[in-house]
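Read through the structure below, which is laid out as structure tokens, and then see the notes.
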Amino acid sequence: MKTYTAKAGEVQHGWYVVDAQNKVLGRLASQIAMRLRGKHRPEYTPHIDTGDFVVVVNVAKLRTTGRKPERKIYYRHTGYPGGLRETTLGKMQAVRPERVLQKAVKGMLPKGPLGYAMMRKLKVYSGATHPHSAQQPKPLDI
């Protein structure tokens with residue numbers, strides 16, 4: 001008996017839409033990462049992108065637990081000496097709410113070309129509308 005291995009051309013990528021209103025950030029991000037990776041499918045293959053496209057709406061209404069809006073800090077570096085910049089979750093959620101979910105999901109995906117391809121299949125919008133209605137995404141309850 002041989003182990004089945006998915007081929008890149010044979011995989012059918014579905015489209016799903018997720019409403020993030022009143023969902024907890026980390027729990028939602030882990031479910032989205034699983035969908036993007038393709039681990040929900042029986043033909044999952046670690047080195048092939050078997051995941052689906054995920055459209056997330058209402059990200060501005062995401063919840064967090066505890067005191068994370070004041071205490072969770074995101075770091076980035078400008079590239080110049082002494083250029084370490086930090087932003088709290090609360091500030092980032094006020095300015096760019098899409099980035100919060102994107103950073104959470106990105107940390108749960110593999111690093112390298114395969115992970116970057118999976119991240120391109122994530123579409124995040126802060127409002128209730130999205131421009132992907134032509135793909136006929138199915139609603140996904142998480």
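Computed from a predicted structure; not experimentally measured.
- Once rounded to the nearest 0.5 Å, the distance linking OH of Tyr44 with NZ of Lys39 reads 4.5 Å.
- Judged by the 6.0 Å and 45° rule, Lys72 forms a cation-pi pair with Tyr74.
- Contact check on Lys121 versus Asp49 returns a salt bridge, with a Lys/Arg side-chain nitrogen under 4.0 Å from an Asp/Glu carboxylate oxygen.
- Within 6.0 Å of OH on Tyr80 lie no more than 12 heavy atoms contributed by other residues, nucleotides or ligands.
- Summarising the local packing, CD of Gln136 is surrounded by 12 or fewer heavy atoms from other residues, nucleotides or ligands at distances under 6.0 Å.
- For the pair Val100 and Val59, the minimum side-chain heavy-atom distance is 4.5 Å or more.
- Under the salt bridge (charged side-chain N to carboxylate O under 4.0 Å, His left out) criterion, Arg76 pairs with no residue at all, not counting sequence neighbours.
- Sorted by first and then second residue, the pairs that involve residues 122-133 and meet side chain to side chain donor-acceptor pair (under 3.5 Å), not counting sequence neighbours, are Glu98-Ser126, Tyr125-His132.
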Side chain to side chain contact (heavy atoms under 4.5 Å, CB included) evaluation trace for Leu25 with Arg63: CA-CA 6 Å; Leu25 173 64; Arg63 287 190 314 120; over 6 Å; no
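- Taken to the nearest 0.5 Å, the CE atom of Met118 stands 14.5 Å off from the CE atom of Met108.
- Side chains of Val54 and Leu140 form no contact here, defined as non-hydrogen atoms less than 4.5 Å apart.
- Between Met92 and Lys103 there is a side-chain heavy-atom pair separated by less than 4.5 Å.
- No side-chain heavy atom of Lys68 sits under 4.5 Å from any side-chain heavy atom of Arg71.
- Rounded to the nearest 0.5 Å, atoms CD (Glu70) and OG1 (Thr88) are 8.0 Å apart.
- Both Tyr16 and Leu28 are members of a single hydrophobic cluster when ILVMFWY side chains are connected at heavy-atom separations under 4.5 Å.
- The CG atom of Leu101 lies 6.0 Å from the CG atom of Leu122; values are rounded to the nearest 0.5 Å.
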What's the verdict on side chain to side chain contact (heavy atoms under 4.5 Å, CB included) for Trp15 and Lys138, showing C-alpha distance, side-chain angles and the deciding distance? CA-CA 6 Å; Trp15 282 78; Lys138 300 177 193 113; over 6 Å; no
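- With hydrogens and angles ignored, the 3.5 Å screen pairs no side-chain donor or acceptor of Lys91 with any backbone N or O of Leu89.
- In this structure, Val124 is a member of the same hydrophobic cluster as Val18, with clusters built from ILVMFWY side-chain heavy atoms closer than 4.5 Å.
- Using a 4.5 Å heavy-atom cutoff, the side chains of Lys23 and Leu62 are in contact.
- Hydrophobic clustering of Ile, Leu, Val, Met, Phe, Trp and Tyr side chains at less than 4.5 Å, counting indirect connections, keeps Val11 apart from Met119.
- Ile142 and Val55 are members of different hydrophobic clusters when ILVMFWY side chains are connected at heavy-atom separations under 4.5 Å.
- Heavy-atom contacts from other residues, nucleotides or ligands closer than 6.0 Å to CZ of Arg41 number more than 12.
- When all heavy atoms of Ala60 and Pro97 are compared, the pair lying nearest together is CA-CB, 3.9 Å.
- For the atom pair CG (Asp19) and NZ (Lys61), the distance works out to 8.0 Å, reported to the nearest 0.5 Å.
- For Arg27, the CZ atom sits in a loose shell: 12 or fewer heavy atoms of surrounding residues, nucleotides or ligands are nearer than 6.0 Å.
- Side-chain contact annotation: Asp52 with His40, donor-acceptor N/O pair under 3.5 Å present.
- Taking 4.5 Å as the limit, every side-chain heavy atom of Thr87 sits out of range of all side-chain heavy atoms of Ile73.
- Residues Ala20 and Val56 share a closest heavy-atom pair of CB-CG1, 3.9 Å.
- Applying the side-chain contact (heavy atoms from CB on, under 4.5 Å) criterion to Pro69, with sequence neighbours excluded, gives Thr64.
- Atoms CG and NE2, from Leu114 and His47 in turn, are 9.5 Å apart once rounded to the nearest 0.5 Å.
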